[in-house]
Each structure stands twice: as structure tokens, then as C-alpha cells.
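In what follows, every chain begins at residue 1, and chains take the letters A, B, ... in the order their sequences are listed.
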Amino acid sequence: METALKLWTVIFAVGALNYLSRLSFIALFARRTMPPLLARALRYVPAAMLTALILPMVIDWHGTPADLATPRVAAALIATAVAFATRSTLGTLGAGMAALWLLQWSCAC
Amino acid sequence: MRHILVAKDFRDGFVEMLPACVGLVPFGLVCGVGAAAAGANWLGSLGMSAIIFSGAAQIVAAQMLAAGAPIAVIVLTTFVLGLRLLMYSAAIAPYLKPLPPRWQNGLAFLLSDQVFAAGIRRFHVGDDPHGAALHFLGSGIALWLVWQLACMAGFFVGNLIPSAWSLEFAVPLCFIALVAPLFRDVPSVLAAITAGIAVLALSHLPMKLNLMAAGVLGIVIGTLADLLRERWKPR
């Protein structure tokens, strides 16, 4: 299939499914109350989902502890401490990037 | 329309989202580079960022297009990747309930990781759903606009950035800034630890299914810890 046609098919199909995912429960629960257990479970969506998104970007995991001893992991831990203490997005970014650059430069890896 | 744009809550939401947007610029650059590598022209790249409006889905779709994967496989993979949007949708649904359907449908389009986190924080504090909705709209529009600019910049000049800068590391840092402040109660910490271990242990699963599985496991453990904590609470 022609590249442009394939690209736009993907754009509209993925875009439509993404939108339906976003709209799903907003539309579903618009006119009824949510079960209390579901409401309780949803409080833990951000902590669980965001952590699951973050770790593969930070850790190149091949099943050995050495995968954890990298500048990226150390920089991410420093950024986590800064974010926990300050709740500042830019502070977290600054601390994390500065730590990564320093560590990469100092151990040249 | 004009009264929306001058509302204080709208402007607050717009301005408060800008620091998070700065962090998303490197993510957008990476997405723009990916679109160019997939053979898209500038309009195709803009279509990806404007219509899909999800960095994770755009990156994966671009990589799979470049690899010549069939359309059905690309669509299914990005759908699985986007299942977390279902959870965001469910979590924000109770707060959007008082709003008219037109607002619900519009705000749903802007629902993304960052907008969700900022929005849910604002909905938690106030008992003013309309102010919070305006705040949500402001932060969503700020993110959408910056996202288009960042992806376009990545499409045109992204390849000029030296890889030694490790700019892609700003992507997890953005998410860390959102999640770390949540680690103030035991169930949230347990949910995060569970999800973190699971996402690595299940990394061999195809189509990034480990993301969804780890999220669900973390939510189950967090909820169980929450229920147990309530039972043990002295009454």
C-alpha cells in the first residue's frame, strides 16, 4: 500500500481508538454512580501506571543486578527525591538532567 | 468562547501546565524524529501529534510503520498501549459528571498522562466542578499546543541534537515529577513497587503488554493494602 495512505489510515484508526479509550468511562458513568470498590481502586491508577511507564525508560533490564548500577538509575533516584520533597516539575527535570550529565561525564559510560 | 479564555481558572490551568510542557518538549522532539524516520511528510507528522496526541502511541506507531508492520498490528499494539487511558477516564469520570455532554466529549480528547495528573489534583481540592473543568481545559490546550510545536520541531531539526545530551531522559523525568509526590501513603507506595517489579519482570511480553499487566497488578495490590489498612484502623 502507498506509504501516505497507510500512514493516514494508522493516524485515524489509532486516533479514534485513543479517543474512545479516553471517553469510555466518562461517557459510561455520566448518568450513574460508580461502585465504591472501583472508586477506591482508581485512586491507585496514577501511582501504578506512571511507575510502570517510567521504569523501562530508566532501567535497561536484562535480569542482572548490574542493570541497576547505571547513571540513569542514580539520576532517576535523585530526581524522585527532589520531586517528593519539592513537587516541582522544573526542579525535578533540572536535578535529574544535571545528575545524569555529571554521572555520565564522571564515569564516562 | 471569549469568556472561557479570560476565565481565571482557564488561565491558571494553562500557565500551571507550562513547566510540565517544557519537560515534554524533548519527548515531542523524539516523536517528530520518529515520524520523519517512518517516511511521513510534515503534514503526516502533524496529523500524528494532533490526532493521536499520545507520545507513547506515536513513537510505537512510527517505529512499526518504519519496520513495515501491517496496519492491523500497529493499531492493536497502540490500543493495548493506550489502555491506561481507560483507567484515567474512569478515575476522572466522577468529577466530569456534573458537566454537560459537550464538555465531557471535549475534555475527553485532552485527557493524557500530564493533564490527568494535574486535573485530578485540582478536582481533589475544590468543590467547584466548573472551575476545575476550566482549569482542565486550560492545561489540556496548553499541552496540546506545545505538543504540536515540539513534534514539528523534532520533525524538522530533531536530528541536529547530539545524542550525548541524552535529552530523551527528560521523558521519564516528567513522569517522575508527577508520581513521586504521590508516595505519601503506604498503599500508593505498594502499588508503585508492585507495578515497578512487574513491568520489568514481564518485559518479555509482546506489544508492551507488560505495561498494562503491571499497572493492573499495582492497582490490585494498592487497593488490597487500602482495604486492609482500613480494617486494622483502631475504631
Q: Below 4.5 Å from any heavy atom of chain A, which atoms of Leu111(B) appear? Answer side chain, backbone, both or neither.
A: both

Q. Where on Ala164(B) is there a heavy atom nearer than 4.5 Å to chain A: the side chain, the backbone, both, or neither?
A. backbone

Q: Check whether Pro98(B) gets within reach of chain A through its side chain, its backbone, both or neither, counting any heavy atom under 4.5 Å.
A: neither

Q: Would you list the pairs meeting salt bridge (Lys or Arg N to Asp or Glu O under 4.0 Å) in which at least one residue belongs to residues 103-116 of chain B, sequence neighbours left out?
A: Arg84(B)-Asp113(B)

Q. Going by atom types alone, do Gln104(A) and Trp165(B) pair a side-chain donor with an acceptor below 3.5 Å?
A. no

**Q.** Between Ala40(B), Ala56(B), Ala91(B), the one whose heavy-atom pairs under 4.5 Å with chain A are most numerous
**A.** Ala91(B)

(Q) What's the separation between atom CG in Leu85(B) and atom CG in Leu23(A), rounded to the nearest 0.5 Å? (A) 11.5 Å

Q | Engaged part of Asp185(B) at the chain A interface, taking heavy atoms whose separation is under 4.5 Å | A | side chain

(Q) Can you tell me how far apart CH2 (Trp101(A)) and OG (Ser106(A)) are? Round to the nearest 0.5 Å. (A) 14.5 Å

Q) chain A heavy atoms under 4.5 Å from Phe79(B): which part of the residue, side chain, backbone, both or neither? A) side chain

**Q.** Contact origin within Glu168(B) toward chain A - heavy atom pairs under 4.5 Å
**A.** side chain

(Q) Taking side chain to side chain donor-acceptor pair (under 3.5 Å) as the definition, give me every residue that meets it alongside Ser88(A), ordered by chain and number, with sequence neighbours left out. (A) none

Q: List the atom of Tyr19(A), the atom of Asn105(B), and the distance in Å for their closest heavy-atom pair.
A: OH-O, 2.6 Å

(Q) Under 4.5 Å from any heavy atom of chain B, what part of Ile11(A) do you find: side chain, backbone, both or neither? (A) both

Q) So what's closer than 4.5 Å to chain A heavy atoms on Tyr95(B): side chain, backbone, both or neither? A) neither

**Q.** Engaged part of Leu182(B) at the chain A interface, taking heavy atoms whose separation is under 4.5 Å
**A.** side chain

(Q) Taking Arg40(A) first and then Glu230(B), would you say they form a salt bridge - that is, a charged N and a carboxylate O separated by under 4.0 Å? (A) yes

